[in-house]
Amino acid sequence: MKLASLPDIAAQASRQAQPLDWVGMCGIALPLRIEGQHVSAKVDAGVSLDDGNARGIHMSRLYLALEWLEGEKLNMPLVRQVLARFLDSHEGLSRRAYLNIHTECLLKRPALISPLAGWKAYPISILASVENDMFHVELKIDVAYSSTCPCSAALARQLIQQQFADDFGSAELDYQSVLEWLGTAEGIVATPHSQRSNAHLHVQLEDFSEEFPMLSLIDQAEAALGTAVQTAVKRADEQAFALANGQNLMFCEDAARRLHQALQSNPALKAFTVKVVHAESLHAHDAVAQSSWSAEGGMAIKSAV
Ligand SMILES: Nc1nc2c(ncn2[C@@H]2O[C@H](COP(=O)(O)OP(=O)(O)OP(=O)(O)O)[C@@H](O)[C@H]2O)c(=O)[nH]1
């Protein structure tokens with residue numbers, strides 16, 4: 001029996017002549033190499049469908065172009081190459097191509113005092129597109145940190161002062177008694193509240209960059225915030241962390257300002273939006289602050305609160 005050729009629906013004319021902004025596939029599983037690690041990623045691949053009369057795009061051509069990313073060191077030239085392939089394989093149909101990569105970067109972080117270290121996962125998204133040879137690339141990174149409320153710390157100090165006045169107000173001060181009092185929960189009657197917090201960085205990269213500056217952005221954000229969450233922890237590390245938090249009191253506004261200032265000095269960035277979320281232990285809701293900047297002074301990246 002002679003086999004009929006396979007029907008090709010995508011090649012048919014569309015019944016409704018309507019161009020489309022984005023057509024493609026979301027959530028494609030792909031192994032990638034980022035910061036020297038093999039990571040598992042979910043990828044969105046798409047093109048615009050500018051020919052409104054064409055029924056569909058060629059999904060398989062986008063899918064197959066992603067093979068170029070497999071096992072290769074992920075950098076900007078490679079992403080550009082894949083985007084160019086998307087467009088080459090859709091000549092006459094598409095003018096814009098999109099590639100989004102969602103993954104996690106695992107970094108080994110040392111403890112504050114002990115010789116221990118452990119892994120931290122940083123969720124990362126790369127959002128790249130090309131149109132008329134104009135390459136646009138954005139990077140999203142989440143960085144977890146600890147924040148201690150400055151207001152709560154001040155209120156706790158006041159309670160400790162009151163307790164001190166109650167316990168020692170009428171007595172001759174004796175060094176040993178005060179020292180012992182300072183080491184008791186009856187003396188230090190109140191503690192400020194701290195919370196695990198998250199900084200969401202969304203940056204637009206200069207197109208001259210070759211590498212994705214994930215590591216340097218994470219390091220810069222953690223240095224600016226001062227109290228990154230820890231991995232392996234012994235008591236000595238926990239004590240050092242308590243001291244670091246006590247010296248690093250911050251509202252969400254403080255955290256957003258610090259990040260803004262730090263990122264503004266990064267020459268690899270064209271624009272950014274930072275959003276910090278303090279998952280309050282005082283409230284059942286979060287305290288949130290956001291700040292944006294653009295080198296050109298125009299619209300910074302939009303990122304809804
Ligand atoms: N365009 C489009 N294709 C879809 C969709 N859902 C599934 N597909 C399938 O994706 C498969 C690959 O499409 P194409 O890339 O056009 O496949 P092909 O015609 O064999 O490949 P080429 O010869 O390169 O065009 C087809 O079997 C489509 O049916 C959809 O919503 N839109």
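Just follow the structure's listing: the first ligand is 1, and inside any ligand the first atom is 1. Just so we're clear, the structure is a prediction, and the values are computed from it rather than from any experiment.
Near S60, meaning under 4.0 Å from one of its heavy atoms, ligand 1 places the atoms 12 (C), 14 (P), 15 (O), 17 (O), 21 (O).
With sequence neighbours excluded, no residue forms a ring-ring contact (aromatic ring centres under 6.0 Å, His included) with Y63.
Not a single protein heavy atom sits closer than 4.0 Å to atom 29 (O) of ligand 1. Under the 4.0 Å distance rule, the nearest protein heavy atom to atom 26 (C) of ligand 1 falls outside the cut-off. Per-atom contact check: atom 20 (O) of ligand 1 does not touch the protein, criterion being a heavy-atom distance below 4.0 Å. Inside a 4.0 Å radius of atom 17 (O) of ligand 1 there is at least one protein heavy atom.
Donor-acceptor pairing under 3.5 Å is lacking for the side chains of Q290 and H200. In the model, D166 has no side-chain atom that pairs as donor or acceptor with a side-chain atom of Q162 under 3.5 Å.
The aromatic rings of H58 and H90 lie tilted to each other, with the angle between the two planes from 30° to 60°.
Between the side chain of D237 and the main chain of I113, a donor-acceptor pair closer than 3.5 Å is present.
Nearest protein heavy-atom contact of atom 10 (O) of ligand 1 is M59 CB, 4.0 Å.
Between R96 and D50 the shortest side-chain heavy-atom distance falls below 4.5 Å.
When only interatomic distances are considered, the shortest N/O to N/O separation between I57 and ligand 1 falls below 3.5 Å.
Within the set R55, H58, R61, M25, the minimum heavy-atom distance to atom 24 (O) of ligand 1 is found for R61.
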